[in-house]
There are 2 protein chains.
Amino acid sequence: MIRNGTKETKRQHNELHILSAAEEIFAQHGYNGAPLELIAERAGLSKQNLLYYFPSKKLLYQKVLESVLDNWLEFMALLDQPGKDPATKLEHYIRGKIEFSRTRPNGSKVYANEIISGAPHLSNELKARLLQHLEADLKLVNVWIAEGQMDPIDPAHLFFMIWAATQTYADFSSQIEIVLGRSKLEASDFEDAAKFVTHVILKGIGIKN
Amino acid sequence: MIRNGTKETKRQHNELHILSAAEEIFAQHGYNGAPLELIAERAGLSKQNLLYYFPSKKLLYQKVLESVLDNWLEFMALLDQPGKDPATKLEHYIRGKIEFSRTRPNGSKVYANEIISGAPHLSNELKARLLQHLEADLKLVNVWIAEGQMDPIDPAHLFFMIWAATQTYADFSSQIEIVLGRSKLEASDFEDAAKFVTHVILKGIGIKN
DNA sequence: CTTATTTTTTACCAAAAGGTAAAAAATAAG
DNA sequence: CTTATTTTTTACCTTTTGGTAAAAAATAAG
């Protein structure tokens, strides 16, 4: 068995390339509508060669999903956001989510597709991980409410709104592009979005700052 | 040729039944993942018989999409909402969208899937219809801003937020169910959602009332 | 009752697509 | 250079699935 760096690096390189191609094609065509051949072509190899790295379509898809969720959860911890007051932490949280939509729109779309379909491929482990992270965030918001730093709203719905309002710039980009008259959303559009969402939500839940 | 009411009614009845089944199956499996046979089964007839009413899968899908969008646009006209002041009109608008999510979740999912995939089946005619309706709503909000009845925000982003925050209760229901610990969202959940979204958005854009 | 029309069923078909098996080629190790 | 290991290619195979053609059955018209 070969264990040196070079070999491992080449395999990893190929795998990352395939995962990236898969994320794009799955985002555009959905799980069922994405032929392995198209993913392989985008990754620059043959379907059979792709199957050598990922023995099945389902497994490839799950790896993509896992990678996306890992990335998504990075931005999840409200407590870990810079700043001390709720206003700063929430703004960073919202900006993190918008940034995710901007830099990884395909990942967002794959995830959205999966949830819309009833999350048939999402493992219980991933679901648990998501819930666990959210628990901590819900608690923190409840503390803020108890301290009178914001209106007494239901924290769960707050997160539903933040997720929806930020992800829409990735998932529904084709619609937003039409409305804004863009061929593709630009950095300034995402900045506008971040400002807007932050303003409305912070003010809307009565954050004092 | 037979032109009496009974015959026409039977055909229409079957077509509506098929459209309803298709909406459900397309929502759950996406366009490519939805076999005609499954739709036919759900509608209570054979695949070939379904093909008698809708000569192709694409055509069936487009009819579903058209029906959903028609329904969606009904709730679009901000001006037509009851009430005189911005607060009342906006609340009705938001509640209409939430009601759409509650009563036609499958339609919402089909539409979401279509947009996420880049709207490959959405005709220019439907897109134009959507834009036209939105234009009027954007103008109205701009008037409200000019009159100093609300903060000077970008109306387009306001609508993106309202759409996202309301549709999420249909499209992402599987995730929301997990977080709220429900096996299925209940009427009270939608009422909570309507109250929350209305509160945060009206307050967030500085509506005076 | 007979004929015309509509609806449903039966029998197929061709293309797409996921996956397998094994040979061939490339690469690394000794 | 020879051998072992990894990667790529070639050749198939099977199932799924959208769609067609025509016969059969049901229904309505005269």
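Proteins get letters first, then strands, A, B, ... in listed order; numbering begins at 1 in each. Quick note: numbers below take in every heavy atom, side chains included, and nothing from hydrogens, waters or symmetry partners.
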Whole angstrom value for the distance that separates [atom2] of [N] from [atom1] of [X]:
X: B:Leu51; N: C:dC12; atom1: CG; atom2: C1'; result: 14 Å
X: A:His29; N: C:dA17; atom1: NE2; atom2: P; result: 10 Å
X: B:Asn49; N: D:dT27; atom1: CG; atom2: P; result: 13 Å
X: B:Phe54; N: D:dG18; atom1: CZ; atom2: C1'; result: 16 Å
X: B:Leu45; N: D:dA26; atom1: CG; atom2: P; result: 16 Å
X: B:Asn32; N: C:dA17; atom1: CG; atom2: P; result: 9 Å
X: B:Leu50; N: D:dG19; atom1: CG; atom2: P; result: 11 Å
X: A:His17; N: D:dT8; atom1: NE2; atom2: P; result: 13 Å

Applying salt bridge (charged side-chain N to carboxylate O under 4.0 Å, His left out), can you list everything that pairs with A:Glu99, at least two apart in sequence or on another chain?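 Expected list: A:Arg102.
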Using a 3.5 Å distance criterion without hydrogens, assess whether the side chain of A:Lys57 forms a donor-acceptor pair with backbone atoms of A:Tyr31.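 At least one qualifying donor-acceptor pair exists.
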Go through the structure and list residues passing side chain to side chain donor-acceptor pair (under 3.5 Å) with A:Glu114, not counting sequence neighbours.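 Here the qualifying residues are A:Tyr61, A:His121.
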Going by the rule side chain to side chain donor-acceptor pair (under 3.5 Å), which residues pair with B:Ser20 if we only count those two or more places apart in sequence or in a different chain?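 By the side chain to side chain donor-acceptor pair (under 3.5 Å) rule, B:Ser20 matches no residue at all.
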Taking only side-chain N and O atoms of B:Tyr52, does any of them lie within less than 4.0 angstrom of OP1 or OP2 on C:dT7?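 Looking at the OP1 and OP2 atoms of C:dT7, one of them is under 4.0 Å from a side-chain N or O of B:Tyr52.
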Using distance only, find each side-chain donor-acceptor pair of residues 129-136 of chain B under 3.5 Å and give its atom names and separation, not counting sequence neighbours.
from, atom 1, to, atom 2, distance (Å)
B:Arg129, NE, B:Glu125, OE2, 3.3
B:Arg129, NH1, B:Asp70, OD1, 2.8
B:Arg129, NH2, B:Asp70, OD1, 3.1

I'd like a list of close polar pairs between nucleotides 10-17 of chain D and the protein, N/O only, cut-off under 3.5 Å.
from, atom 1, to, atom 2, distance (Å)
D:dA11, N6, A:Gln48, NE2, 3.0

Compile the donor-acceptor pairs under 3.5 Å between side chains in residues 191-202 of chain A and protein atoms, sequence neighbours left out, one pair per line.
from, atom 1, to, atom 2, distance (Å)
A:Glu191, OE1, A:Arg95, NH1, 3.1
A:Glu191, OE2, A:Arg95, NH2, 3.1
A:Glu191, OE2, A:Lys195, NZ, 3.0
A:Thr198, OG1, A:Ala194, O, 2.6
A:His199, NE2, B:Asp151, OD2, 3.3
A:His199, NE2, B:Gly204, O, 3.3

Checking B:Phe172 now: which residues fulfil ring pair (Phe, Tyr, Trp, His ring centres under 6.0 Å) with it, not counting sequence neighbours?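 Counting only residues at least two positions away or on another chain, B:Phe172 forms no ring pair (Phe, Tyr, Trp, His ring centres under 6.0 Å).
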Intra- and interstrand pairs of DNA chain C - dot-bracket, Watson-Crick/G-U under 3.5 Å, | marks other strand: ||||||||||||||||||||||||||||||
Do A:Arg104 and A:Ser67 make a side-chain contact, defined as non-hydrogen atoms from C-beta onward lying under 4.5 Å apart?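 Yes. Closest side-chain heavy atoms under 4.5 Å.
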What pairs of donor and acceptor atoms, side-chain ones from residues 37-49 of chain A against any protein atom, are under 3.5 angstrom apart with sequence neighbours left out?
from, atom 1, to, atom 2, distance (Å)
A:Arg42, NH1, A:Glu24, OE1, 3.2
A:Arg42, NH1, A:Glu24, OE2, 2.1
A:Ser46, OG, A:Asn49, N, 3.1

